[in-house]
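These figures come from a predicted structure and were not determined experimentally. Count residues from 1 along the sequence.
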Amino acid sequence: MPIYTAKRGAVSYGHSVGMLMIDCHIPFIPGDIGNAQTFKYPILYRKVESASIERLIDHGDMSISPQVIEAAKYLESQGVRAITSDCGFMIYFQQAVASAVNVPVMLSSLMQLTFISSLLAPSQAIGIICANAKRLTPELIAKAFPANDRTLIVAGMQDQPAFRSSILLESGDLDSEAVERELVNVGTKLVETNPSIGAILLECSDLPPYAKALQDRINLPVFDFTTMIDFVHAATSRRRFEGTL
């Protein structure tokens, strides 16, 4: 049997991925990355108290960087193998957090843009569906996709009543069927209006529960936070292959 050594300061063990949570009042349903049952491996959550939706999405407030770094260091101290977050706009802090810890950092689903771009034909575009298109500026996208060598077509959920109420205004209630209909309608319109789109990326961490319904409608690859986190987890927690010839 192996000999195990206690990690000083560890509260528990065996967490694969650490997740920085923004300070919000939203019910995280299965499929949302704030719901631990979304994943088949253990997640350790840590809230960044000062990272509200208003400060992060509406204002891009970089003054909370020390609190984000502190929370990331805590997750690292607890033994996680990678660190993510529950908001695509956390890309603001990607470089700072990656410089402060020694495990892989993937704070935004937008980081998949380079990978998605490499999968598509040169003539194809990437559709991005985000929480608030008005705030997803070219400067913000450039932090995740510095090459900027692919047509990106952005649609936002900010004007969809059910999404806006539950996610942006934090009403405390979420009509899952209504949000699913809204996402499918936004995504379908986006693809019909822009037939060059070869894949969709869902920026918002609250949208993965509806990715299957969207894909069933548009018949295109749909990427989101879960595809990114699963990918990195697979690389940081390899398992032996078993079977027969």
Side-chain angles (χ1 to χ4, degrees), residues 24 26-35 37-40 53 57 84-91 106 108-121 123-136 140-141 144-145 150-169 171 173-233:
C24 62
I26 298 170
F28 299 133
I29 68 173
D32 191 303
I33 67 171
N35 187 313
Q37 294 188 38
T38 296
F39 303 96
K40 296 180 179 180
I53 288 179
I57 296 180
T84 188
S85 84
D86 72 330
C87 179
F89 285 74
M90 286 286 278
I91 191 65
M106 43 172 171
S108 174
S109 56
L110 296 171
M111 294 176 65
Q112 295 172 99
L113 285 170
T114 297
F115 177 65
I116 299 170
S117 180
S118 71
L119 302 177
L120 301 179
S123 60
Q124 291 181 298
I126 300 173
I128 302 175
I129 302 178
C130 65
N132 191 334
K134 299 174 183 177
R135 304 302 183 190
L136 192 62
L140 185 66
I141 292 176
F145 188 45
R150 172 77 55 171
T151 299
L152 305 177
I153 304 172
V154 178
M157 296 289 292
Q158 70 275 359
D159 297 324
Q160 303 301 312
F163 179 88
R164 181 174 180 80
S165 174
S166 60
I167 307 303
L168 297 181
L169 299 181
S171 66
D173 298 312
L174 187 149
D175 186 336
S176 180
E177 291 184 359
V179 175
E180 180 174 295
R181 286 194 299 270
E182 290 174 348
L183 176 65
V184 170
N185 288 338
V186 168
T188 301
K189 182 178 179 180
L190 182 65
V191 172
E192 289 177 349
T193 306
N194 303 278
S196 65
I197 290 176
I200 293 288
L201 172 63
L202 305 179
E203 168 272 325
C204 178
S205 66
D206 300 299
L207 294 179
Y210 321 110
K212 171 63 173 171
L214 175 60
Q215 185 173 67
D216 287 347
R217 177 69 65 86
I218 64 174
N219 196 31
L220 288 175
V222 178
F223 297 83
D224 58 30
F225 260 101
T226 66
T227 59
M228 177 182 70
I229 297 170
D230 284 347
F231 179 77
V232 175
H233 166 262

| said: For a 4.5 angstrom cut-off between non-hydrogen side-chain atoms, does S196 reach T151? | reply: no
| From CD (Q158) to CG (L136), nearest 0.5 Å | 10.0 Å
| message | What I'd like to find out is whether the side chain of L202 reaches to under 4.5 Å of the side chain of Y210, using heavy atoms alone. | response | no
| field | Any donor-acceptor N/O pair, D224 side chain to T227 backbone, under 3.5 Å | value | yes
| field | Heavy-atom side-chain proximity of I33 to F39 below 4.5 angstrom | value | yes
| query | Is the CG atom of D216 crowded by more than 12 outside heavy atoms at less than 6.0 Å? | reply | yes
| request: Give a yes or no answer on whether the side chain of T84 reaches the backbone of M106 with a donor-acceptor pair at less than 3.5 Å. | output: yes
| Do I200 and V191 come close enough that some side-chain heavy atom pair is under 4.5 Å? | yes
| field | Pairwise side-chain contact, T38 with I229, heavy-atom cut-off 4.5 Å (strictly under) | value | no
| Non-hydrogen side-chain atoms of D206 and F28 separated by less than 4.5 Å | yes
| Flag, side chain of S165 to backbone of A162, donor-acceptor distance under 3.5 Å | no
| So do the side chains of F89 and E203 get within less than 4.5 Å of each other, counting heavy atoms only? | yes
| Would a 4.5 Å heavy-atom cut-off, applied to side chains only, mark M157 and V186 as touching? | yes
